[in-house]
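Please read the structure below before turning to the comments.
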Amino acid sequence: MTYEMEYLMHLFSCGAQGLEPKPPQKQLDWEKTASLAVDQSITYTTALPIKKYELGCPESIRSRLTASLRGASIKNAMKTDGILNLVNDFEKAGIHVLIVKGIDVARFYKNPECRVSSDADLFVKKEDEQRALDFLESYGFTMEKRPKSSNHTECYHPTLGMVELHIQLLQDMFTNSLMKNWRVDEDAFSKCKAEEFSGKKYYALETTDSLLFLTYHMIKHFLYGGMSLRMMMDNAIFAKCNLDLIDKERYKALLEESKHLHFMQAVFGIMVKYCGFSPNDFPIDVIIDDSTGESILNDLEKGGWQGMNYGVAGLDAWYYYRYKHAMNEADENELSEIKGEVQLDYIHKLFPTMTWMKRMYPKLQAKPWLYPFYLIQRLFVKGWKIITGKGRMSKRQIDKETELSESARERIELFKALDMI
């Protein structure tokens, strides 16, 4: 881990908790620090202490961050108010909806408007899904049909941005790895709590369920290869501010059953070591100065929020991890699902959609008629590599660790060191 990453954690924690930061103790590349903040989705909370205190940040970077902070915080505050109005209108229409993550955790930040997220997550009962979608459409949202494999529909509004309408908190693909002992969805609405933010009422998961969802959502992204410092802070600050309301025995028991206790002990240990928290702020014992904690941070800096780890290496490691869990459970349905997803991945790699191709080949944005030519070229190159054995498609040998890429094997070793596999 670089010193820039270490100091970024300190700045971010000070911004999140309203603490005065210490100036850098070593030579610091401020541009790299700002870039890492973008990677970790924490730019605006990190900018708060840089704006308020003299820390030696070059004026060009400081003024840039201050300007972006002002605009983003105002926009986010207005968007949050709009989401709260939407949720209240849902209730008036007789549709019970819960806010998960997002606003429900941002309220514990010193400046909630600076915790900016790309979407809002709402949770409705499965039987209310169509009514909720119809209501959103009448509200001005547009949406695409939810794939059968997905647990949410992505809905878009010109001013409120994206809302993910969930009918299930975690996807079915996590049945063996995370949901084996998951008991949140079934009681979510009967146990939910009324909360208040900015003078407006909304409903959220019961406190222990909220922390469990924050935790498993973060673990899900860690397995995918795209965890962030913001997710770690969400868990830490929510746990600290609600410690007396959390069922500590249940939280620990579920983590033990799903084999993620060591991981969360290391994560909370990182927050103690680098972010100013106390070991007594958390519902489980923490592990400090453990090599796995440093490995998590190295992995995090290398990947970032849906960063480099989120590509082939991250997905290869995730599929191998999922395959091993399915094998341990002798779950033939899950193994069949994995096989089908791998086959679909082959098809997608050979015949990518226009949307995906436009991201890969920017020229297609202006000249979409070139799509068939790019596709033929891609088919020839990929096909020839597969025929000659010089190329390897993503997730081809998920059942053989030795066939994974070097970076994917490194992630698998980290999973093993964390007692996750």
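Positions are given from 1 along the sequence.
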- Any donor-acceptor N/O pair, Ser35 side chain to Glu31 backbone, under 3.5 Å: no
- Task: Using atom types as modelled and distance alone, determine if a side-chain donor or acceptor of Gln25 lies under 3.5 Å from a backbone N or O of Pro23.
- Result: yes
- Looking at side-chain heavy atoms only, is the closest gap between Arg115 and Val105 below 4.5 Å? yes
- Item | Whether Arg322 side chain and Phe174 backbone form a donor-acceptor pair below 3.5 Å | no
- Query: Looking at the rings of Tyr203 and His96, which for Trp means the six-membered one, are their centres under 6.0 Å apart?
  - Reply: yes
- Going by atom types alone, do Asn298 and Glu294 pair a side-chain donor with an acceptor below 3.5 Å? no
- Does Asp281 reach the main-chain N or O of Lys240 with its side chain, forming a donor-acceptor pair under 3.5 Å? no
- Can you tell me if Asn235 uses its side chain to pair, donor with acceptor, with the backbone of Thr215 under 3.5 Å? yes
- Query: Would a 4.5 Å heavy-atom cut-off, applied to side chains only, mark Leu28 and Thr33 as touching?
  - Reply: yes
- Item | Side-chain (Arg146) to main-chain (Leu165) donor-acceptor, under 3.5 angstrom | no
- Query: Taking 4.0 angstrom as the limit, do Arg64 and Glu59 come out as a salt bridge?
  - Reply: no
- Would one find more than 12 heavy atoms of other residues, nucleotides or ligands at under 6.0 Å from atom CD of Glu144? no
- Derivation and outcome, side chain to side chain donor-acceptor pair (under 3.5 Å), residues Tyr156 and Asp119: CA-CA 9 Å; Tyr156 302 89; Asp119 56 41; over 6 Å; no
- Message: Run Lys125 and Asp128 through salt bridge (Lys or Arg N to Asp or Glu O under 4.0 Å) and show every step you take.
- Response: CA-CA 5 Å; Lys125 296 177 182 177; Asp128 288 337; 5.5 Å; no
- Between Phe222 and Phe415, does the ring centre distance come in under 6.0 Å? yes
- Message: Counting the benzene-type ring for Trp, do Phe141 and His157 have ring centres under 6.0 Å apart?
- Response: yes
- Message: Assess the residue pair Tyr323 and Tyr319 against the criterion (ring pair (Phe, Tyr, Trp, His ring centres under 6.0 Å)); give the C-alpha distance rounded to whole Å, side-chain angles, the decisive distance to 0.1 Å, and a yes or no.
- Response: CA-CA 6 Å; Tyr323 170 82; Tyr319 266 83; over 10 Å; no
- Determine, step by step, whether Asp234 and Lys101 satisfy the salt bridge (Lys or Arg N to Asp or Glu O under 4.0 Å) criterion, reporting the C-alpha distance in whole Å, the side-chain angles of both residues, the deciding distance to 0.1 Å, and the verdict. CA-CA 8 Å; Asp234 283 356; Lys101 302 191 287 102; over 6 Å; no
- Message: Check this for me: Lys110, atom NZ, are more than 12 non-hydrogen atoms of other residues, nucleotides or ligands nearer than 6.0 Å?
- Response: no
- Can you find a side-chain donor-acceptor pair between Glu301 and Thr2 that sits under 3.5 Å? yes
- Task: Using the test salt bridge (charged side-chain N to carboxylate O under 4.0 Å, His left out), find all partners of Lys180 that sit at least two apart in sequence or belong to another chain.
- Result: Glu329
- Message: Between Ser13 and Gln17, do the side chains contain a donor N or O and an acceptor N or O under 3.5 Å apart?
- Response: yes
- Does Lys416 pair with Glu413 as a salt bridge, N-O distance under 4.0 Å? yes
- Would you find more than 12 non-hydrogen atoms of other residues, nucleotides or ligands less than 6.0 Å from Glu127 atom CD? yes
Do any side-chain atoms of residues 204-213 form donor-acceptor pairs under 3.5 angstrom with protein atoms, and if so which ones, sequence neighbours left out?
unit_1	atom_1	unit_2	atom_2	d
Glu206	OE1	Thr208	N	3.2
Glu206	OE1	Asp209	N	3.0
Glu206	OE2	Thr208	N	3.2
Glu206	OE2	Thr208	OG1	3.4
Thr207	OG1	Lys193	NZ	2.8
Thr208	OG1	Asp247	N	2.8
Asp209	OD1	Arg250	NH1	2.7
Asp209	OD1	Arg250	NH2	3.1
Asp209	OD2	Lys191	NZ	3.2
Ser210	OG	Leu205	O	3.1
Ser210	OG	Glu206	O	3.3

- Note: Lys79-Glu113 ion pair, threshold 4.0 Å (strictly below): no
- Task: Could you tell me whether Lys248 atom NZ has more than 12 heavy atoms of other residues or ligands within 6.0 Å of it?
- Result: yes
- Message: Using side chain to side chain contact (heavy atoms under 4.5 Å, CB included), reason through Ser258 and Trp182 one step at a time and then give a plain yes or no.
- Response: CA-CA 9 Å; Ser258 62; Trp182 180 259; over 6 Å; no
- Side-chain H-bond candidate by donor/acceptor type, Asp419 with His260, under 3.5 Å: no
- Task: Might you work through the side chain to side chain contact (heavy atoms under 4.5 Å, CB included) test for Phe263 and Met420, ending with a clear yes or no?
- Result: CA-CA 8 Å; Phe263 172 78; Met420 297 169 74; 4.3 Å; yes
- Message: Testing the 3.5 Å rule here: is there a donor-acceptor pair between the side chains of Tyr202 and Asn88?
- Response: no
- Item | Side chain to side chain, Glu195 and Asp104, heavy atoms closer than 4.5 Å | yes
- Item | Criterion salt bridge (Lys or Arg N to Asp or Glu O under 4.0 Å) on Asp285 and Lys252, from CA distance to verdict | CA-CA 9 Å; Asp285 294 333; Lys252 181 180 179 181; 5.2 Å; no
- Mark yes or no for whether Gln171, through its side chain, and Met173, through its backbone, hold a donor-acceptor pair below 3.5 Å. no
- Do Asp29 and Tyr7 meet the criterion of a side-chain donor-acceptor pair at a distance under 3.5 Å? no
- For the pair Ser63 (side chain) and Ser60 (backbone), establish whether a donor and an acceptor sit closer than 3.5 Å, ignoring hydrogens and angles. yes
